[in-house]
Amino acid sequence: MGKEKYVMSSGLAFFEAKEMERLGKFARRGWFLEKFAFSGFVLRKGKPEEVIYSLDYQSEADDEYFSYFEEAGWKHVCTGAGVMHIFSAAPGTTPIYSEQATIKEKYEKESQSMKKVALPAFLIAIMLVVLLFSSENGFLPTVVGDISEYASYATFIVLIFTGMPYLSYQYKLRKLEKRNV
Amino acid sequence: MPRNDSLEVGELTDTSYYILLSLMEPKHGYLIMKTIEEMTDHTVVVGPASMYTTIKKLLRAELIKLHDKSDKKKVYVTTEKGVQLVKKEIERKRLMIQHGEEILANKGE
């Protein structure tokens, strides 16, 4: 068993390409991606090697899905949250996406699933803030304000962790569309 | 965001076009990738993620179907609907080339 270490991620939704390059740099120094960890990755010590990494989102990943990657020379490294799959390969291997239309789909799907949580969280947050102000100004009992305040903290956390990735995917999609013209 | 699905308007992306062509004979995933590479003299290479999403899309649109599932590998084949769409696409591309050639010929090149 080799040594392990934890590195923090700056967020795959925002810096996907940078994060993949960074993992490649670690591999060159002999630290290989082992698995996802909270807000980061666990790396394991090994022999330095030139490796490239790619991330794909797929919620319906089955045997067929993984066999396509394997046959194209991409090794499945780890899966996070059931939908994020990281693959590694030797430099020069065919990229996992060869067509822009399918890259767009990757971000569209992720963006939709983030929106499903972010949008209700956004509406709930607004409602809670309205309740909080109403209670502070004496329109509603103080206890309503107290409950709203604590509930709003939880809601804002959910909103940040889904809303920010949502905006990032939307930005990526817009960039892809501009290039398409 | 409007879904820009070219299949719905009856147009084929390059990847879909080549997958349909290579599935005129039943094949499994890896063989499709290899066939396309050889057919196009390595100018068209389909990545595994693009391959998987395009296969799913062609299945949903009934342009290909599952032919055989024995031996753990799924084997697909182009349907009659798929063949018709390929024919339409070839006709469309033929016209595009013709237009281009005419214009360039008039320009004296």
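Proteins get letters first, then strands, A, B, ... in listed order; numbering begins at 1 in each.
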Polar side-chain atom of B:T53 near backbone of A:T102 as donor-acceptor pair, under 3.5 Å: no
Any donor-acceptor N/O pair, A:S98 side chain to B:G47 backbone, under 3.5 Å: yes
Can you confirm whether more than 12 heavy atoms, excluding those of [X], are under 6.0 Å from its [atom1] atom?
| X | atom1 | value |
| --- | --- | --- |
| A:E70 | CD | no |
| B:K93 | NZ | yes |
| A:F26 | CZ | yes |
| A:N137 | CG | yes |
| A:F36 | CZ | yes |
| A:M164 | CE | no |
| B:Q84 | CD | yes |

Hphob cluster co-occupancy, B:L66 + B:L23, side-chain heavy atoms under 4.5 angstrom: yes
Contact origin within B:I32 toward chain A - heavy atom pairs under 4.5 Å: neither
Region of B:K56 that comes under 4.5 Å of a non-hydrogen atom in chain A: side chain
Short side-chain donor-acceptor distance under 3.5 Å, A:E99 and B:T15: yes
Flag side-chain contact, heavy atom, 4.5 Å: A:D62 against B:Y52: yes
Test: A:E105 and B:K57 ion pair at under 4.0 Å: yes
Heavy-atom closest pair, residues B:M33 and A:A72: SD-CB, 4.2 Å
Shortest non-hydrogen contact from A:W74 toward B:P48: CD1-CG, 3.9 Å
Region of A:Q58 in contact with chain B, defined by heavy-atom distances below 4.5 Å: side chain
Step-by-step side-chain contact (heavy atoms from CB on, under 4.5 Å) determination, A:E71 to B:M51: CA-CA 12 Å; A:E71 284 166 334; B:M51 180 77 190; over 6 Å; no
